[in-house]
Asks: 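Below are the structure tokens for one structure; questions will follow.
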Amino acid sequence: MIDSILESLRTEVADVVPLAVLFGALAYVTKRGALLAALKRARPEIVTNLVLLLVNAVVVVPLIAVPILTGHALLPRPDGLVRFWEGLPAAIPVVAAIVLLEFAAYWRHRLEHVRVLWPVHATHHADEAMNWLSVRRKHPLGEALSAVIDTLPVVLLGLPYWAIAVALLVRGWWGYFIHADVPWTLGIFGKALISPAAHRLHHIRDEALMGSNYGNMLTLWDKVFGTYVDPAPYVNCETGIAEGTRDALGELARPFEARYWRKAEAQQPAEQPAG
């Protein structure tokens, strides 16, 4: 177990350092003179996000993600489906894995906006200074939920593990990108791909509009199920939640607060997540 934890930490550091250089350069190019003010405003939440990243690397990845992705003998994978995917050109299993991961993640994400799961997911929406590390602002319970629900279907459907790994890597990179503090709609490409502006709209301070753009990479399932909203009128919208942002300890404690477990009729409208 210790070896798994150390390996998870090494992997996180190896992933985050080059991303910090990349998104630091992006911030400099897009903000220039306003960069220091933006960093000052985002600093407390960046610290919170880094702490939660490390907590999840120590707790969730070794206990949940690694067993799912390496549990060849633990999970039923029909031989016929495994052979089917192995017989296809390499690009097809990767694209299929992305589409299926997006489908599972879409419905997991929508469920996280219902009252019973919102206390866990609220942590992810609490950033008031959106930045590329906001994607890692997840309560360990939320991180575990996404690790199980998002990946289990593609594993059970027999997709090659290498294709799942590639799809997770691509979606992971895109997740950092769409949380970056840039007002980009991606133009024509934003019709098919979730843009930073489209995802920022999902994080908007307005609880009604928060119930849109649940996708991580593709607009496909939002459009199929009627939850896609064009972000163009909402570029640079304010983000956050009625309950406010917290430090890392506050976010870890958030789901256990009594305010979230009152009867629905006793809650204030501003505290209700978008459904």
Side-chain angles (χ1 to χ4, degrees), residues 18-35 37-39 41-42 45-46 49 94-95 98-110 112-113 121 124-138 146 150 167-241 245 273-275:
L19 286 166
V21 174
L22 174 64
F23 284 102
L26 178 62
Y28 174 76
V29 169
T30 57
K31 295 184 182 301
R32 296 299 179 100
L35 177 58
L39 284 174
R41 178 170 179 258
E45 293 184 327
I46 289 173
N49 298 345
V94 173
V95 172
I98 290 174
V99 172
L100 291 170
L101 282 165
E102 284 285 299
F103 178 80
Y106 172 86
W107 283 108
R108 181 263 307 161
H109 197 173
R110 282 195 68 169
E112 286 175 328
H113 279 250
H121 189 57
H124 182 64
H125 278 262
D127 260 351
E128 296 172 0
M130 285 276 288
N131 61 85
W132 63 279
L133 273 171
S134 298
V135 70
R136 305 307 301 273
R137 188 189 183 99
K138 291 185 178 181
S146 61
D150 296 5
L168 289 171
L169 182 64
V170 171
R171 291 182 72 251
W173 286 344
W174 198 261
Y176 284 108
F177 173 59
I178 64 174
H179 285 83
D181 186 20
V182 290
W184 297 345
T185 63
L186 301 185
I188 190 171
F189 298 105
K191 303 294 184 182
L193 297 171
I194 294 290
S195 65
H199 194 69
R200 187 182 184 94
L201 174 57
H202 177 72
H203 280 259
I204 195 170
R205 180 62 179 76
D206 184 314
E207 279 81 3
L209 286 169
M210 193 187 293
S212 65
N213 301 350
Y214 291 102
N216 177 82
M217 184 175 181
L218 305 177
T219 62
L220 172 63
W221 300 117
D222 279 293
K223 290 183 174 180
V224 168
F225 297 110
T227 53
Y228 181 75
V229 175
D230 183 354
Y234 307 99
V235 170
N236 289 324
C237 59
E238 292 185 4
T239 63
I241 56 175
T245 187

Asks: Can you name the nearest heavy-atom pair linking T245 to E128, along with the distance?
Replies: N-OE2, 3.8 Å
Asks: Quick check: are there more than 12 heavy atoms from other residues, nucleotides or ligands sitting under 6.0 Å from CZ of R41?
Replies: no
Asks: Using modelled atom types only, decide if a donor and an acceptor are shared between the side chain of N213 and the backbone of H202 within a distance under 3.5 Å.
Replies: no
Asks: Does any N or O in the side chain of H121 come within less than 3.5 Å of the main-chain N or O of E112, such that one atom is a donor and the other an acceptor?
Replies: no
Asks: Distance-only, no hydrogens or angles: does the T227 side chain make a donor-acceptor pair with backbone N or O of G211 under 3.5 Å?
Replies: no
Asks: side-chain contact (heavy atoms from CB on, under 4.5 Å), that's the test. Do I178 and N216 meet it? Break it down for me.
Replies: CA-CA 8 Å; I178 64 174; N216 177 82; 4.1 Å; yes
Asks: So which atom in I98 and which in R171 form the shortest heavy-atom distance, rounded to 0.1 Å?
Replies: O-CD, 4.4 Å
Asks: Are the side chains of H203 and D127 in contact, using a 4.5 Å heavy-atom criterion?
Replies: no
Asks: Where is the tightest heavy-atom contact between P233 and D230, given as atom of each residue plus distance?
Replies: CD-O, 3.3 Å
Asks: Taking the side chain as C-beta and beyond, is there a heavy-atom pair between M210 and I241 under 4.5 Å?
Replies: yes
Asks: Please report the interatomic distance CH2(W132) to CG(L22), rounded to the nearest 0.5 Å.
Replies: 8.5 Å
Asks: H125 and side-chain hydrogen bond (donor to acceptor under 3.5 Å, both in side chains): which single residue from R137, E207, R205, H113 fits?
Replies: H113
Asks: Testing the basics here: between Y234 and I204, what is the closest heavy-atom pair and its distance to 0.1 Å?
Replies: CD2-CD1, 4.3 Å
Asks: Testing the basics here: between I46 and L133, what is the closest heavy-atom pair and its distance to 0.1 Å?
Replies: CG2-CD1, 3.9 Å
Asks: So, for W221 and Y106, is the gap between ring centers shorter than 6.0 Å?
Replies: no
Asks: If you measure from CZ on F225 to CG on L220, what distance do you get to the nearest 0.5 Å?
Replies: 8.5 Å
Asks: List the atom of S195, the atom of P231, and the distance in Å for their closest heavy-atom pair.
Replies: OG-CG, 4.2 Å
Asks: For residues 208-227, pull every pair meeting salt bridge (charged side-chain N to carboxylate O under 4.0 Å, His left out), keeping only residues two or more places apart or in separate chains.
Replies: none
Asks: Apply ring pair (Phe, Tyr, Trp, His ring centres under 6.0 Å) to residues W173 and Y176 and explain how you reach the verdict.
Replies: CA-CA 5 Å; W173 286 344; Y176 284 108; 9.4 Å; no
Asks: If you round to the nearest 0.5 Å, how far is CD1 of I194 from CZ of F177?
Replies: 11.5 Å
Asks: Donor-acceptor pairs are to be reported for all side-chain atoms of residues 179-190 against protein atoms at under 3.5 Å, with residues two or more places apart or in another chain.
Replies:
from, atom 1, to, atom 2, distance (Å)
H179, ND1, G175, O, 2.7
H179, NE2, H124, NE2, 3.2
H179, NE2, H199, NE2, 3.0
D181, OD1, R200, NH1, 3.3
D181, OD2, K31, NZ, 2.8

Asks: Side-chain contact test, heavy atoms from C-beta onward, threshold under 4.5 Å: evaluate it for N49 versus N131 and give yes or no.
Replies: yes
Asks: Donor-acceptor check, side chain of E102 to backbone of L218, threshold 3.5 angstrom: yes or no?
Replies: yes
